[in-house]
Amino acid sequence: MTQPAPLLSADVLAMMVRGVSVNVASRDAQLRPSLMRAVGSDVAPDGSRITVYLARSQSGQLLQDIASTGRLAVVFSEPSTHRSVQLKASAATLRPATDSDREVLARYLASMEHEIARVGFPRRSPAPCSRTGSRTSWP
């Protein structure tokens, strides 16, 4: 029996794994859209699992829409070339970020700083992750 062809090519997966600009969208039951730029992503090397991180303080409606519909669209885009890929899900799940996600988010931030530096934006000094009350936030 032959293996099914991968859904995403190796070069597209490599772009996504590296860490590029990520936008997440959903909609409510009345089809009103919600959209937010992700603050990070983590993609399994084979593409079997994709995690996007959203700032809870800025993404209330989007998180509510994903929780109630399970639907989302995610666009990974390479700023220097505008090469992009859109993925959709109809059974997305939510989970809070944990301390174990800090390394993933730091790696994503470094990659995004590199990507936007390629189009002329200066790199900034890394800011440490901080915990405020019951909410974890990464600048």
Side-chain angles (χ1 to χ4, degrees):
M1 191 165 162
T2 62
Q3 293 280 28
L7 295 176
L8 298 168
S9 67
D11 63 319
V12 168
L13 275 172
M15 176 189 76
M16 293 167 55
V17 168
R18 184 177 72 245
V20 292
S21 178
V22 181
N23 287 291
V24 183
S26 188
R27 56 137 176 108
D28 64 15
Q30 290 74 41
L31 305 180
R32 289 181 297 234
S34 53
L35 170 75
M36 183 55 61
R37 179 175 303 281
V39 296
S41 67
D42 186 29
V43 180
D46 64 356
S48 63
R49 181 193 42 78
I50 299 169
T51 303
V52 292
Y53 297 87
L54 298 166
R56 187 175 306 229
S57 62
Q58 300 171 345
S59 306
Q61 185 63 52
L62 177 58
L63 291 168
Q64 182 179 330
D65 292 345
I66 295 167
S68 65
T69 67
R71 297 183 180 276
L72 64 81
V74 179
V75 175
F76 291 82
S77 183
E78 187 176 56
S80 62
T81 65
H82 297 292
R83 179 179 181 213
S84 301
V85 61
Q86 182 185 63
L87 306 174
K88 295 184 178 185
S90 59
T93 59
L94 299 174
R95 70 166 177 84
T98 65
D99 285 340
S100 65
D101 294 312
R102 288 177 184 261
E103 183 179 324
V104 170
L105 290 165
R107 189 171 55 243
Y108 175 85
L109 178 60
S111 177
M112 268 305 296
E113 287 179 340
H114 173 77
E115 287 294 323
I116 63 173
R118 293 176 63 194
V119 294
F121 289 90
R123 295 186 109 170
R124 67 180 182 92
S125 299
C129 297
S130 62
R131 183 173 286 276
T132 356
S134 63
R135 184 179 73 228
T136 302
S137 61
W138 289 270

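- Two residues are said to be in side-chain contact when any heavy atoms from C-beta on lie closer than 4.5 Å; I50 and M16 meet this criterion.
- Taken to the nearest 0.5 Å, the CG atom of L8 stands 5.5 Å off from the CG atom of L87.
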Applying side-chain contact (heavy atoms from CB on, under 4.5 Å) to L72 and V74, what does each step give before you reach the verdict? CA-CA 7 Å; L72 64 81; V74 179; 3.1 Å; yes
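- At least one side-chain heavy atom of Y53 sits less than 4.5 Å from a side-chain heavy atom of V104.
- The backbone N or O of V52 sits nowhere less than 3.5 Å from a side-chain atom of S41 that would complete a donor-acceptor pair.
- Considering CD1 of I66 and OG1 of T93, their distance stands at 10.0 Å, rounded to 0.5 Å.
- The environment of CD in Q86 is crowded: more than 12 heavy-atom neighbours from other residues, nucleotides or ligands sit within 6.0 Å.
- Using a cutoff of 4.0 Å between basic side-chain nitrogens and carboxylate oxygens, D101 and R95 are scored as salt-bridged.
- Clustering ILVMFWY residues whenever any of their side-chain heavy atoms sit less than 4.5 angstrom apart, transitively, puts L54 in a cluster other than the one holding V75.
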Donor-acceptor pairs under 3.5 Å, side chain of residues 58-65 to any protein atom, not counting sequence neighbours: which ones?
{"unit_1": "S59", "atom_1": "OG", "unit_2": "A55", "atom_2": "O", "d": "2.9"}
{"unit_1": "Q61", "atom_1": "NE2", "unit_2": "D65", "atom_2": "OD1", "d": "2.8"}
{"unit_1": "D65", "atom_1": "OD2", "unit_2": "S34", "atom_2": "OG", "d": "2.7"}

side-chain contact (heavy atoms from CB on, under 4.5 Å) evaluation trace for E115 with R18: CA-CA 10 Å; E115 287 294 323; R18 184 177 72 245; 3.1 Å; yes
Verdict with supporting geometry, M112 and V22, side-chain contact (heavy atoms from CB on, under 4.5 Å): CA-CA 10 Å; M112 268 305 296; V22 181; over 6 Å; no
L35/N23 under side-chain contact (heavy atoms from CB on, under 4.5 Å): CA gap, chis, key distance, verdict: CA-CA 7 Å; L35 170 75; N23 287 291; 4.2 Å; yes
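- For the pair T81 (side chain) and R83 (backbone), a donor-acceptor distance under 3.5 Å is present.
- Of the N and O atoms on the side chains of S21 and R37, at least one donor lies less than 3.5 Å from an acceptor on the other residue.
- Closest non-hydrogen pair, V20 versus F76, comes out as CG2-CB, 4.0 Å.
- Remark: side-chain polar atoms of S84 are paired, donor with acceptor, to backbone N or O of H82 under 3.5 angstrom.
- The distance from atom CZ of R32 to atom CZ of R27, rounded to the nearest 0.5 Å, is 11.5 Å.
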